[in-house]
Amino acid sequence: ISVATTRPETLLGDSAVAVHPQDERYANLIGRRVQLPLTTRLIPVIADSFVEREFGSGVVKITPAHDFNDYEVGQRHSLPLINIFTPDAKLNENAPGPLQGLDRFVARRRVLEALDALGLIERIDKHKLMVPRGDRSGAVIEPYLTDQWYVKIAPLARPALAAVQSGRIRFVPENWNKTYYEWMHNIRDWCISRQLWWGHQIPAWYDELGNIYVARDAAAAKAQALAKRGVEVLLTRDADVLDTWFSSALWPFSTLGWPRQTSELQRFYPGSVLVTGFDIIFFWVARMIMFGLKFMGDVPFREVYVHGLVRDAEGQKMSKSRGNVIDPLDIVDGITLDALLAKRTTGLMQPKMAPAIEKATRKQFPEGIESYGTDALRFTFAALATQSRDIRFDMGRVGGYRNFCNKLWNASRFVMMMVAEGQIASSQVPAQHRSITDRWIHSRLAGTIRKVDEAVASYRFDFAATALYEFTWYDFCDWYLEFSKPVLQSDDAAAAAATRRTLLDVLETLLRALHPIMPFITEEIWQKVAPLAGRAGPSLMLASWPKAPLELIDAAAESELDWIKAFILGVRQIRGEMDISPSRKLPLLLRNASGTDGDYFARHQLYLERLAGLETARIMTPGEQAPPCASALLGELQLLVPMAGIIDPAAEAERLSKRLAKIEQDLAKTRAKLENENFVRNAPPEIVNTERERIAQLDRTATSLRQQIEAVRKL
RNA sequence: AGGCGUGUAGCUCAGUGGUAGAGCACUUCCUUGACAUGGAAGUGGUCGCUGGUUCGAUCCCAGUCACGCCUACCA
């Protein structure tokens, strides 16, 4: 009968051939014996349902000593285990004499030649298969029978599974539960012995008869042996060491002094949270849980925060053995491409990998790495800590956050300058002197800290980083600092004092909130700012985390500021799209102003004129005829910039038409929605209402735009 | 083969059952006394594909394609 094999040399260790029990082709052979070629052995034909009838010839050679499946089959059928290899994969004394001592691959050729000579080769086919190789050496791995130490896993796995199912341990993000369950359900007995020279040595001793004594130390083993044998005998200790993960599984308590009952152990076990990558949930996390429950009688930690893995430009995870890691210090100090290549490609465990590593490195860092601050790097990783499993490292991101560090630094310089110009800033400033912008920035800050608190509590460090980034740059720098300038330059000493105080308070609080992510810059600035804010201390590290003062959240101030910002943005839009230089001050007319508009306009002229770059601004009298103007809309209010000598009517008409087109598109979509009876009938009333309001608003805007376009086109 | 996951702007990534977001890059204008590592205004996406559920799907469900990871294995 014919069998197929990809490893012909292993036939020397065959102890059966197997067919499927229901395979009629071979039914008459089951139970009979066949002659194993190149040997004198007769081996049985057995039936086992693991054989796939359609695959190959439908007959499988069974080599229990050198194949995982065959081993199982061998156990089921009580087949002999014939080891044909030495530990370095040469043929041993179980092979026919002429083949003994040959390397496995040489032997493979010889076996084929011998079979061919006997006319026993039916045919040779191309066949693609995955050959298992050692990660480090690249050598083809040969299944090989040895005696090893195992941990019976079921009694450990059961409570470890329950600990997560019952919620005593919580994975964040939660979906890692599934992965953990999958692993724990399919877990196999754990081979814990390793033939390495480094590690915890297996605590087992042998006497000359092969008796085994497992004990805490040599003396205890000796005592056991004496008790058993009645005489003192020479013991030798097992040379193997424990699997590194076995030792690591002890970490949560062994680091605290276990097995001694230290005060550290009592205080810090169990820990509150374990932060780790998902690649070692199986290897490490699961085993810490099993051992913690076994040896300490309690879980080792309450929560497991699982973060993503940093990958290189090729999407490969960064690892020492791949040689694609980025040393954070290389980002902080900067490194040339040549130096980086040299660093990555020398001393590799697999020199063959060098070209691939070089290619990936050139792709990701075509010009090497310039120097970035530690804080920028830290901020980058905080911002990258999303719930995604993969973090593809992007230098553009680091650059963005470096700019952010710079922004904070310069904003602080501004605050210090402004405070130095005035007198004592730490004096109490009555709340009634606070301007609308002071109230607004306090409100925004309170909201930001609340967001950060929530983000950190839910392990969304990316949200925390984003909230702080947005507040610092957009609210504080882009708007508040600009608002503060006209106030500080005004004659209103009380308002200026309130603003100085606000600048200091907000910055000082912000520094405390930013400190965990960017400790260096914030510490440096805080040392100067904190005394002025009346909060001095030896280090920002010891300052308290800011409390979100929810009573400072001020919806009225925020909505009024929205109006101010929209006003300024409207004028800036005209300026930007018409390419008008910021240095050119513009006249402005207000048409259709409501009472509120008039009110706001009168109260906030200081801000509006400064930030919008206005020369003059006034509300038009009823019935007043406007000159040709470029326009922006703020609800019903029209902001009109006379074009004379500044703006080309055709360009303005085009600009407005573009806006109108967008609005009409929106309008059409919204109309279609409201014309759909099903929508009106089934959608929640508040949704239908917002759509109706929208359409009214869009309609007014469109009408207004059309008038403006018409007016401009007449010119 | 089984399990888990990803596919959103040129790149790296957030996000939501009700008109798509950020950073970087790009375009235009600007060296205004915190900052050109800056300011202002913009361009850019049929949210992998096909069906289904729904008044409405980028989001929910099913299928499909591509990619990734883990585990097991490949006569």
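Reckoned from all heavy atoms, side chains included, excluding hydrogens, waters and symmetry mates. Letters A, B, ... are given to chains in the order of the sequence lines, protein chains preceding strands, and every chain is numbered from 1.
Among the protein residues, A:Arg659 comes within range of the sugar-phosphate backbone only, with heavy atoms under 4.0 Å from sugar or phosphate atoms but none that close to a base. As judged by a 4.0 angstrom heavy-atom cut-off over every strand, A:Asp67 is placed among residues touching the sugar-phosphate backbone only. As judged by a 4.0 angstrom heavy-atom cut-off over every strand, A:Lys178 is placed among residues touching the sugar-phosphate backbone only. A:Thr6 comes within 4.0 angstrom of the backbone, heavy atoms only, and of no base. A:Lys658 comes within 4.0 angstrom of nothing in the nucleic acid, heavy atoms only. Using a 4.0 Å heavy-atom cutoff across all strands shown, A:Ser388 reaches sugar-phosphate atoms only and no base atom. No engagement by A:Gln665 is indicated, since no non-hydrogen atom pair under 4.0 Å with the nucleic acid exists. Residue contacts shown for A:Phe283 are limited to sugar-phosphate atoms, with no base heavy atom under 4.0 Å away. Across all strands, A:Arg413 comes closer than 4.0 Å only to sugar-phosphate atoms, never to a base (heavy-atom distances).
Of the listed nucleotides (B:C69, B:G3, B:C13), B:C69 has the atom at the smallest distance from the side chain of A:Phe278. When distances are taken from the side chain of A:Glu691 to each of B:U71, B:G18, B:A34, the shortest belongs to B:G18.
The stretch residues 576-585 of chain A touches RNA chain B through A:Gly576, A:Glu577, A:Asp579, A:Pro582, each having a heavy atom under 4.0 angstrom from the strand. Taking a 4.0 Å limit (strictly below) on heavy-atom distances, residues 463-479 of chain A reaches RNA chain B at A:Phe463, A:Tyr469, A:Trp473, A:Tyr474, A:Cys477, A:Asp478.
Tested against A:Arg659 for a salt bridge (charged side-chain N to carboxylate O under 4.0 Å, His left out), the candidates A:Glu577, A:Glu664, A:Glu654 yield a single pass: A:Glu577.
Atom-to-atom, CD1 of A:Ile187 to C1' of B:C70 comes out at 14 Å; the value is rounded to the nearest Å. Computed from coordinates, the A:Lys407 NZ to B:U37 C1' distance equals 10 Å when rounded to whole Å. Rounding to whole angstrom units, CZ of residue A:Arg655 and P of B:U43 are separated by 12 Å. Straight-line distance from the CD atom of A:Glu142 to the P atom of B:C73: 15 Å, rounded to whole Å. Rounded to whole angstrom, the span from the CZ atom of A:Arg397 across to the C1' atom of B:C13 amounts to 6 Å. We find that CG of A:Leu384 is positioned 9 Å from P of B:A14, with the value rounded to whole Å. Rounded to an integer number of Å, the gap from A:Asn177 CG to B:G5 C1' is 15 Å.
A salt bridge links A:Lys528 and A:Glu524; the closest N-O separation between the charged side-chain nitrogens and carboxylate oxygens is under 4.0 Å. Residues A:Asp390 and A:Arg392 are not paired through a salt bridge, judged by the lack of any N-O separation under 4.0 Å between the basic side chain and the carboxylate. Between A:Asp70 and A:Lys61, none of the side-chain N atoms (NZ, or NE/NH1/NH2) sits under 4.0 Å from a carboxylate O, so this pair counts as no salt bridge.
Judged by closest nucleotide on RNA chain B, A:Ala383 is the one of A:Asn403 and A:Ala383 placed further toward the 5' end. Nearest-nucleotide positions on RNA chain B for A:Ile391 and A:Glu482 put A:Ile391 closer to the 5' end.
The C1' atoms of B:G15 and B:A72 are separated by 37 Å, rounded to the nearest whole Å. Using atom P as the reference point in both B:G63 and B:G44, the two lie 38 Å apart (nearest Å).
Between A:Thr386 and B:A14 there is a side-chain polar atom (N or O) within less than 4.0 angstrom of OP1 or OP2. The phosphate of B:A40 has neither OP1 nor OP2 within less than 4.0 Å of any side-chain N or O from A:Gln573. For A:Arg460 and B:G15, the shortest distance from a side-chain N or O to OP1 or OP2 is below 4.0 Å. Dashed line: the shortest gap from a side-chain N or O of A:Asn186 to OP1 or OP2 of B:A72 is not under 4.0 Å.
A centroid separation of 6.0 Å or more is found between the aromatic rings of A:Phe379 and A:Tyr372. Aromatic pair A:Trp479/A:Phe483: ring centres closer than 6.0 Å.
Using modelled atom types and a 3.5 Å distance limit, the side chains of A:Arg610 and A:Gln489 yield a donor-acceptor pair. A donor-acceptor contact under 3.5 angstrom links the side chains of A:Asn678 and A:Arg681, judged on distance only.
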| remark: 5' to 3', nucleotides 52-62 of chain B under a 4.0 Å protein heavy-atom cut-off (B base, S sugar-phosphate only, - none) gives ---B-------
| task | Report the secondary structure of RNA chain B in dot-bracket form, marking unpaired bases with a dot and bases paired to a different strand with |, and treating Watson-Crick or G-U pairs with both distances under 3.5 Å as paired. | result | (((((((..((((....[..)))).(((((.......))))).....(((((..]....))))))))))))....
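Within the structure, the salt bridge (Lys or Arg N to Asp or Glu O under 4.0 Å) test picks out the following pairs touching residues 395-408 of chain A (sequence neighbours left out): A:Glu370-A:Arg402.
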List the atom pairs, with distances to 0.1 Å, where a side-chain N or O of residues 464-476 of chain A and a protein N or O form a donor-acceptor pair under 3.5 Å, not counting sequence neighbours.
residue	atom	partner	partner atom	Å
A:Thr466	OG1	A:Asp462	O	2.7
A:Thr472	OG1	A:Leu468	O	2.6
A:Asp475	OD2	A:Arg444	NE	2.9
A:Asp475	OD2	A:Arg444	NH2	3.2

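Figure legend: cation-pi geometry between A:Arg389 and A:Trp176 absent, as NZ or CZ is not positioned both under 6.0 Å from the six-membered ring centre and within 45° of its axis.
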